[in-house]
Amino acid sequence: KQWYQRRVAITAGIAVVDACDDNSHWDDTKCTPCTGNQYRGSSHSQFDGCLSCEAGQEHNDQLTGCKPCDAGQYSTATTACEECPAGTSSSHVGSKACTPCNTGEYQESTGQTSCNKCKAGFFSAAI
């Protein structure tokens with residue numbers, strides 16, 4: 001999408017601005033995209049700024065509210081949901097952080113809901 005701004009003076013001190021696209025807001029001079037874990041849908045005024053989702057959530061596809069991160073994902077107050085990195089997992093919906101694998105466990109893939117037990121004769125130290 002293209003972010004734009006047009007101001008047309010009608011009389012001294014009054015201006016008309018174009019509507020900002022969904023997921024952007026008016027910052028006193030132009031339309032600016034919402035960033036990180038923020039959103040703005042058409043049901044919210046562009047002059048009120050972007051709304052924020054809490055850690056463990058991200059905005060829904062309709063930009064009408066927040067939804068929890070899926071299991072195997074996490075988010076902070078400033079980032080949308082991301083896959084848990086290798087060596088960690090998250091078995092719960094709405095996680096704020098991923099849990100490192102315990103001693104004797106491993107996880108080579110990202111976005112996982114559990115860690116694997118080491119095979120007999122192999123060892124993994126906790127991260």
Side-chain angles (χ1 to χ4, degrees):
K1 287 189 172 183
Q2 186 177 21
W3 309 105
Y4 61 92
Q5 168 262 324
R6 231 180 9 211
R7 294 175 66 141
V8 179
I10 297 173
T11 60
I14 299 175
V16 174
V17 298
D18 282 336
C20 296
D21 291 333
D22 282 355
N23 219 28
S24 66
H25 67 99
W26 188 258
D27 74 358
D28 293 330
T29 60
K30 65 185 180 310
C31 291
T32 302
C34 298
T35 59
N37 205 10
Q38 297 181 325
Y39 70 97
R40 188 195 69 81
S42 58
S43 63
H44 298 100
S45 171
Q46 69 187 33
F47 301 107
D48 290 340
C50 298
L51 302 171
S52 296
C53 293
E54 295 178 10
Q57 301 178 341
E58 67 181 353
H59 66 75
N60 61 28
D61 294 337
Q62 298 80 25
L63 301 174
T64 57
C66 300
K67 65 177 183 177
C69 296
D70 293 334
Q73 298 180 334
Y74 74 101
S75 76
T76 67
T78 58
T79 62
C81 297
E82 299 177 8
E83 289 188 341
C84 291
T88 68
S89 67
S90 170
S91 61
H92 302 290
V93 172
S95 292
K96 299 175 184 177
C98 299
T99 304
C101 295
N102 293 320
T103 300
E105 296 180 338
Y106 71 99
Q107 183 48 260
E108 296 175 323
S109 301
T110 61
Q112 300 302 302
T113 59
S114 64
C115 295
N116 303 308
K117 299 236 183 259
C118 292
K119 294 178 183 171
F122 290 88
F123 178 79
S124 174
I127 297 176

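The model shown is predicted, which means the values in this text are computed figures rather than measured ones.
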Determine whether His59 and Asn23 satisfy the following criterion, side-chain contact (heavy atoms from CB on, under 4.5 Å), listing intermediate values before the conclusion.
CA-CA 10 Å; His59 66 75; Asn23 219 28; 4.2 Å; yes

Would you name the heavy atoms of Asp21 and Arg40 that are closest together and state the gap between them?
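Heavy atoms of Asp21 and Arg40 come nearest at O-NH2, 3.1 Å.
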
Exceeds 12 heavy-atom contacts within 6.0 angstrom, atom NE2 of His92:
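Result for NE2/His92: open.
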
Under 3.5 Å, side chain of Asn60 to main-chain N/O of Leu63, donor-acceptor pair present?
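Yes.
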
Is there a donor-acceptor pair under 3.5 Å between the side chain of Ser75 and the backbone N or O of Gln57?
yes

Which residues share a side-chain hydrogen bond (donor to acceptor under 3.5 Å, both in side chains) with Thr78, sequence neighbours left out:
Thr76

Going by side-chain hydrogen bond (donor to acceptor under 3.5 Å, both in side chains), name the residues that satisfy it together with Ser89, two or more places apart in sequence or in a different chain.
none

When you look at Tyr74 and Glu82, which way does the side-chain contact (heavy atoms from CB on, under 4.5 Å) test go after all the steps?
CA-CA 6 Å; Tyr74 74 101; Glu82 299 177 8; 3.2 Å; yes

Derivation and outcome, side-chain contact (heavy atoms from CB on, under 4.5 Å), residues Lys67 and Asp61
CA-CA 9 Å; Lys67 65 177 183 177; Asp61 294 337; 4.2 Å; yes

Run Ser114 and Asn116 through side-chain hydrogen bond (donor to acceptor under 3.5 Å, both in side chains) and show every step you take.
CA-CA 7 Å; Ser114 64; Asn116 303 308; 5.2 Å; no

How far apart are the C-alpha atoms of Glu58 and Asn37, what are their side-chain angles, what is the distance that settles it, and do they pass the side-chain contact (heavy atoms from CB on, under 4.5 Å) test?
CA-CA 6 Å; Glu58 67 181 353; Asn37 205 10; 3.8 Å; yes

For residues Asp22 and Ser24, is any side-chain donor paired with an opposing acceptor at under 3.5 Å?
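No - no donor-acceptor pair under 3.5 Å links their side chains.
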
